[in-house]
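Below: the structure, in structure tokens.
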Amino acid sequence: MTTLDKYTSLRVGGPAKKIVNVSTEAEIIEAIEAAGDSPVLILGGGSNVLVSDSGFAGTVIHIANDQAESEVDACSGATLTIGAGENWDDFVRATISRGFAGLETLSGIPGTVGAAPIQNIGAYGHEVAEFITRVRTYDRQSKAIKTFTNSECEFEYRNSIFKRIPGRYVVLSVQFQIRRGETSTPITYAELAKKLGIAVGDKAPVVDVRTAVMELRAAKGMLLNPDDKDSWSAGSFFTNPIVTSEVAAALPADAPKWPLEDGRVKTSAAWLIEHSGIDKGHEHGGARVSSKHVLALTNSGSATAEELLQLAREVRLRVEAKFGITLEPEVNLVGLAL
Ligand SMILES: Cc1cc2nc3c(=O)[nH]c(=O)nc-3n(C[C@H](O)[C@H](O)[C@H](O)COP(=O)(O)OP(=O)(O)OC[C@H]3O[C@@H](n4cnc5c(N)ncnc54)[C@H](O)[C@@H]3O)c2cc1C
């Protein structure tokens with residue numbers, strides 16, 4: 001029986017009752033309908049899931065395409081429609097080599113195009129929601145195609161309608177609007193601006209931004225690399241907490257505080273973890289806090305899902321005890337609860 005550790009970047013997860021590999025829209029819908037009333041888990045790259053050691057007692061529908069199925073409608077900009085199983089970073093790289101700009105700060109994020117809207121992937125100051133115009137889905141409840149406009153996706157920081165109603169909408173393809181150009185979007189992230197040698201708010205050549213982002217990510221173990229066990233993770237395990245202004249004011253002066261339009265304040269989960277006494281490399285069995293980036297929980301080679309879960313609980317409890325803030329998982333837990 002196939003186990004799900006082979007399908008996840010954390011390399012843990014027990015057996016699935018059935019795994020169906022699909023790539024086209026027709027195959028995805030056929031597999032969902034064939035599963036009938038049995039539980040279904042949709043998997044793309046498996047880079048944002050922690051699957052239990054007992055696995056999944058239902059049908060896993062694994063979506064992956066080998067080739068881009070993009071429709072291009074280009075003049076000064078382009079509307080690109082990309083199938084769900086396309087590798088995200090292959091898509092980003094292809095847009096840049098074809099002379100389009102916009103997605104460069106999102107270079108190097110693992111996973112598929114279909115998963116990108118689920119948690120509204122983001123990095124280095126930009127989110128995918130800025131570039132999505134439509135998301136075509138299969139609604140498992142009404143058993144019909146439903147296409148969402150950008151505003152209907154209800155995108156928020158690491159969230160969307162698709163994540164809020166898990167399992168209902170299966171993303172079939174995503175439509176992006178990007179512009180032609182060789183100059184990046186304004187660089188709003190200080191670390192990236194510094195790496196590029198420019199001021200925050202300035203722009204840089206798109207190819208230089210991609211190179212800088214890939215280098216920054218590699219240095220943090222945030223690029224999937226079989227030879228770098230710090231990247232045997234699901235990326236950031238927790239989201240950055242959004243707290244009231246009163247809670248933010250009670251944090252130490254040097255804690256990062258990013259004010260939001262609604263009056264609340266976003267702070268840094270990594271800062272809270274580091275200042276709660278959890279060090280890089282901290283271990284629980286085979287589960288280990290990355291030696292490069294405290295927000296990534298990794299598999300040092302022999303971890304079980306249970307050990308990763310216990311490490312996550314320990315991190316969460318330490319932060320709660322020190323700062324009174326409860327970290328929320330960014331990773332999707334399958335058959336587990338924190
Ligand atoms: C090293 C590393 C670095 C990372 N860095 C970042 C980062 O910088 N920013 C960021 O936002 N994320 C980051 N992540 C997390 C991850 O890459 C993203 O969340 C990515 O979008 C997950 O894609 P996936 O195809 O692997 O999704 P999976 O892990 O396969 O699935 C994730 C969730 O989406 C659902 N899903 C997947 N495909 C579909 C579909 N077609 N329709 C409906 N539901 C679907 C799954 O059921 C699951 O709930 C990182 C992960 C790793 C391992």
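First listed ligand is number 1; within each ligand, the first listed atom is number 1.
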Atom indices of ligand 1, in the order listed, that fall short of 4.0 Å to a heavy atom of Gly111: 23 (O), 24 (P), 25 (O), 26 (O)

Side chain, backbone, both or neither: Leu43 near ligand 1, heavy atoms under 4.0 Å: both

Geometric class of the Trp88/Phe176 ring pair [parallel <30°, tilted 30-60°, perpendicular >60°]: tilted

Residue part near ligand 1, for Pro166, under 4.0 Å between non-hydrogen atoms: neither

Stacked cation flag Lys266 on Tyr157, 6.0 angstrom / 45 deg: yes

Element-labelled atoms of ligand 1 that are located less than 4.0 Å from some non-hydrogen atom of Thr112: 23 (O), 24 (P), 25 (O)

Presence of salt bridge, Glu33 and Lys143, under 4.0 angstrom: no

Geometric class of the His126/Phe131 ring pair [parallel <30°, tilted 30-60°, perpendicular >60°]: tilted

Atoms in ligand 1 flagged as close to Ile109, the criterion being non-hydrogen separation under 4.0 Å: 6 (C), 7 (C), 8 (O), 9 (N), 12 (N), 13 (C), 17 (O)

Distance from atom 37 (C) of ligand 1 to nearest protein heavy atom, with residue and atom: Ala115 CB, 3.7 Å

Asn48 versus Glu330, side-chain donor and acceptor atoms under 3.5 Å: no

Glu283/Arg288 salt bridge by N-O under 4.0 Å criterion: yes

Which segment of Gln119 sits under 4.0 Å of ligand 1 when only heavy atoms are counted: side chain

Donor-acceptor pair between His284 and Gln310 side chains, under 3.5 angstrom: yes

Test item, Tyr169 contacting ligand 1 (heavy atom, 4.0 angstrom): yes

Arg318 bridged to Glu314 by N-O distance under 4.0 Å: yes

Protein residue, atom and distance nearest to atom 33 (C) of ligand 1, heavy-atom basis: Asn332 ND2, 3.4 Å

Shortest protein heavy-atom distance from atom 6 (C) of ligand 1, along with the residue and atom involved: Arg217 NH2, 3.5 Å

Same apolar cluster: Leu106 and Leu216, side chain cutoff 4.5 Å: no

Ser107 versus Arg210, side-chain donor and acceptor atoms under 3.5 Å: yes

Nearest neighbour of atom 17 (O) of ligand 1 from the list Gly83, Pro110, Gly44, Gly114, on a heavy-atom basis: Pro110

Atom indices of ligand 1, in the order listed, that fall short of 4.0 Å to a heavy atom of Ala123: 8 (O)

Nearest-neighbour protein heavy atom for atom 50 (C) of ligand 1, which is reported as residue plus atom name and distance: Gly235 CA, 3.6 Å

Polar contact flag for Ile42 and ligand 1 (N/O pairs, less than 3.5 Å): yes

Ala84 N/O under 3.5 Å from ligand 1 N/O: no

Ring centre gap for Phe323 and Trp271 strictly below 6.0 Å: yes

Closest approach of any protein heavy atom to atom 44 (N) of ligand 1, naming residue and atom: Ile118 CD1, 3.4 Å

Under 3.5 Å side-chain donor-acceptor pair for Asn65 and Glu86: no

Heavy atom of the protein closest to atom 22 (C) of ligand 1 (residue, atom name, distance): Ser47 OG, 3.3 Å

Polar contact flag for Gly122 and ligand 1 (N/O pairs, less than 3.5 Å): yes

Ser233: numbered ligand 1 atoms lying under 4.0 Å from its heavy atoms: 1 (C), 53 (C)

For atom 28 (P) of ligand 1, the protein heavy atom that lies nearest, with its residue and separation: Gly46 N, 3.6 Å

Approximate separation, where rounding is to 0.5 Å, of Cys153 SG and Tyr169 OH: 10.5 Å

Lys220 with Asp230: basic N within carboxylate O range, under 4.0 Å: no

Test of proximity, Met222 against ligand 1: N or O pairs below 3.5 Å: no

Atom 24 (P) of ligand 1 - nearest protein heavy atom and its distance: Gly45 N, 3.4 Å

Contact check: Ser9 vs ligand 1, nitrogen or oxygen atoms, below 3.5 angstrom: no

Short N or O distance, Ile121 and ligand 1, threshold 3.5 Å exclusive: no

Test of proximity, Ser231 against ligand 1: N or O pairs below 3.5 Å: no

Which residues share a side chain to side chain donor-acceptor pair (under 3.5 Å) with Ser236, sequence neighbours left out: none

For Ile63, the ligand 1 atoms whose distance to one of its heavy atoms is below 4.0 Å: 41 (N)

